[in-house]
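Nothing here was measured: the structure is a model prediction, and the numbers come from that model.
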Amino acid sequence: MASSKQDLGKMAAPDQWLLEHGNIKLLSRERRGRSAHNMSSSSLRKKSNRTLVSKIRVGCLRKFLANLQEVLLGTKLAILFLAIPFAIVAEYRNFGRPWIFALSLLGLTPLAERISFLTEQIAFFTGPTVGGLLNATCGNATELIIAILALAQNKVDVVKYSLLGSILSNLLLVLGTSLLCGGIVNINKEQKFDRKQADVNSLLLLLGLLCHLLPLMFTYVGKTPEITAVGTLQLSRASCFIMLVAYIVYLVFQLWTHRELFEADEEGEDGDVVGDDETPAIGFWSAFIWLVLMTGVVALLSEYGASESWGLSVSFISVILLPIVGNAAEHAGAIIFAFKNKLDITLGVALGSATQIAMFVVPLSVIVSWIIGINMDLNFNLLETGSLALSIILTAITLQDGSSHYMKGLVLLLSYFIISACFFVYKSPLNGAGSNNLVTSPEQGITRL
């Protein structure tokens, strides 16, 4: 008995084996901290054929072309990269704004998936702790980049609308479509999922909702909005610090103390392994450089889509269109796993992304705006906050019993259509909502723009 343990110990040292619950697993898989986000995005990736590249004799050129092929052609959405140069040309040739906007949306779709891929590649080289944090905090990098760029231009309403839309699309559109499609395909099977992960995310979403409701209600306790403007702003900033503390504890809960609740099951029903890539496709510095370049392209394309197009209001574009396109890759992956009756991964993508935006991206945006001298609060106004509240409550009720069928998905999806119709007919002028846009001056205190 002792000798067998010693043999296992010797085998563990060179080959990095991990003995856990009687099963031997590769430690390299443990290192990466693969989450549902990673596995969802990996469902849209494909292996690159390096046969032609390997025949090039010049080492530097061969490595560059291999990286180029892996980054640009390693996704099933590679064809959409063609929209990026067309969008740039359309902008400089003064084409119609609707065409520029449409091309920009198409170009953002593969960029969001590639940013997720590059983040995962960097995580290969950073160890389990930093790698897990990278995967947990950079899952919605596109939304964070667009939010910071819009804040730099004092487009507070656009930031609020886009972040709200990301939460709504994950809770209602992505989850609803996944449960609907998965329920129809697996209509003769009982669809079960782990309630524990859903409960944790629902609690955090309700906490975030409380932090939005209080500034909204605070505006109604004074006789005029100007009287409560300072208090609303201060309450929002204090709430953001509390939300970030809650998110940090959530990361500890997710990555260390209760990691087993969030680990995605990588075994398929037929025994195949989902996303079984145990080695990095490109090097650390290559991934870092590509990440910086693609972040710059995201920043460029986000500039092209900020104005009204096709006669649609900015609220509809920001709440409905931008979130759908920005997370199209992960959304498609979530639906694919629902087809395979792997709802834990689907819930990890939808609820995990919504929680990350609500508890990390939103409060971070408020704090960043505070640093750069722009006053952004958590008052998203009555219509927007009401839509958020009903969406969170409806999602929590839907997931309370740990089972799913197509009717639940249909209700969530129809709810998203109703909210979309609401914002389609709702014409909200920029810089004119609630206490969104306030400026301070020593003489006048806080006034409206």
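When all heavy atoms of Ser365 and Ala147 are compared, the closest pair comes out as OG-CB, 3.8 Å. Listed here is the closest heavy atom pair of Thr395 and Ser391: OG1-O, 2.8 Å. Closest of all the heavy-atom pairs between Cys181 and Phe339 is CB-CZ, 3.7 Å.
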Chi angles and distances behind the side chain to side chain contact (heavy atoms under 4.5 Å, CB included) call for Val156, Ser369: CA-CA 9 Å; Val156 178; Ser369 67; over 6 Å; no
Check against side chain to side chain contact (heavy atoms under 4.5 Å, CB included), Ser239 and Leu214: CA-CA 9 Å; Ser239 300; Leu214 291 179; 5.7 Å; no
Audit row: Arg237, Asn375, side chain to side chain contact (heavy atoms under 4.5 Å, CB included) steps and yes/no: CA-CA 10 Å; Arg237 290 169 176 173; Asn375 293 317; 2.7 Å; yes
Leu118 and Ile282: CA distance, side-chain angles, deciding distance, side chain to side chain contact (heavy atoms under 4.5 Å, CB included) verdict: CA-CA 9 Å; Leu118 293 170; Ile282 58 178; 3.8 Å; yes
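Note that SG of Cys240 is 4.0 Å distant from CG of Leu378, once rounded to the nearest 0.5 Å. To the nearest 0.5 Å, the span separating OG1 on Thr177 from CG on Leu172 amounts to 9.5 Å.
Between the Thr75 side chain and the Val71 main chain, no donor and acceptor come within less than 3.5 Å of each other. With hydrogens and angles ignored, the 3.5 Å screen pairs no side-chain donor or acceptor of Thr385 with any backbone N or O of Leu382. The backbone N or O of Ala334 lies less than 3.5 Å from a partner atom in the side chain of Thr346, making a donor-acceptor pair. Side-chain N or O atoms of Asp194 include one that pairs as donor or acceptor with a backbone N or O of Lys196 at under 3.5 Å.
Looking at heavy atoms from C-beta onward, Leu351 lies out of side-chain contact with Gln197 at the 4.5 angstrom threshold. Counting only heavy atoms from C-beta outward, the side chains of Tyr416 and Ile320 approach each other to under 4.5 Å. Between Phe253 and Val200 there is a side-chain heavy-atom pair separated by less than 4.5 Å. In this structure the side chain of Asn201 never reaches within 4.5 angstrom of the side chain of Leu399, judged on heavy atoms. Inter-residue side-chain proximity for Ile84 and Leu111 is flagged as met; some heavy-atom pair is nearer than 4.5 Å.
Here Ala396 pairs with Ser202 under the side chain to side chain contact (heavy atoms under 4.5 Å, CB included) rule; sequence neighbours left out. The side chain to side chain contact (heavy atoms under 4.5 Å, CB included) check on Ile418 picks up nothing, with sequence neighbours excluded. With sequence neighbours excluded, the residues that form a side chain to side chain contact (heavy atoms under 4.5 Å, CB included) with Ala389 are Leu209.
For the ring pair (Phe, Tyr, Trp, His ring centres under 6.0 Å) condition, the pairs that include at least one residue of residues 197-216, sequence neighbours left out, are His212-Phe380. The list of salt bridge (charged side-chain N to carboxylate O under 4.0 Å, His left out) pairs with a residue in residues 404-426, not counting sequence neighbours, reads Asp401-Lys408.
Paired with Leu171 under the rule side-chain contact (heavy atoms from CB on, under 4.5 Å), one option of Thr398, Thr355, Leu394, Leu205 passes, and it is Leu205.
Counting non-hydrogen atoms of neighbouring residues, nucleotides and ligands closer than 6.0 angstrom, the CD1 atom of Ile372 exceeds 12 such neighbours.
Between Asp377 and Lys160, at least one side-chain N (NZ, or NE/NH1/NH2) sits under 4.0 Å from a carboxylate O, which counts as a salt bridge.
Side-chain contact check for Asn170 and Ser353: at least one donor-acceptor pair (N or O, by modelled atom type) lies under 3.5 Å.
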Side-chain donor-acceptor distances from residues 284-295 under 3.5 Å, at least two apart:
from	atom 1	to	atom 2	distance (Å)
Ser286	OG	Asn67	ND2	3.0
Thr295	OG1	Leu291	O	2.7

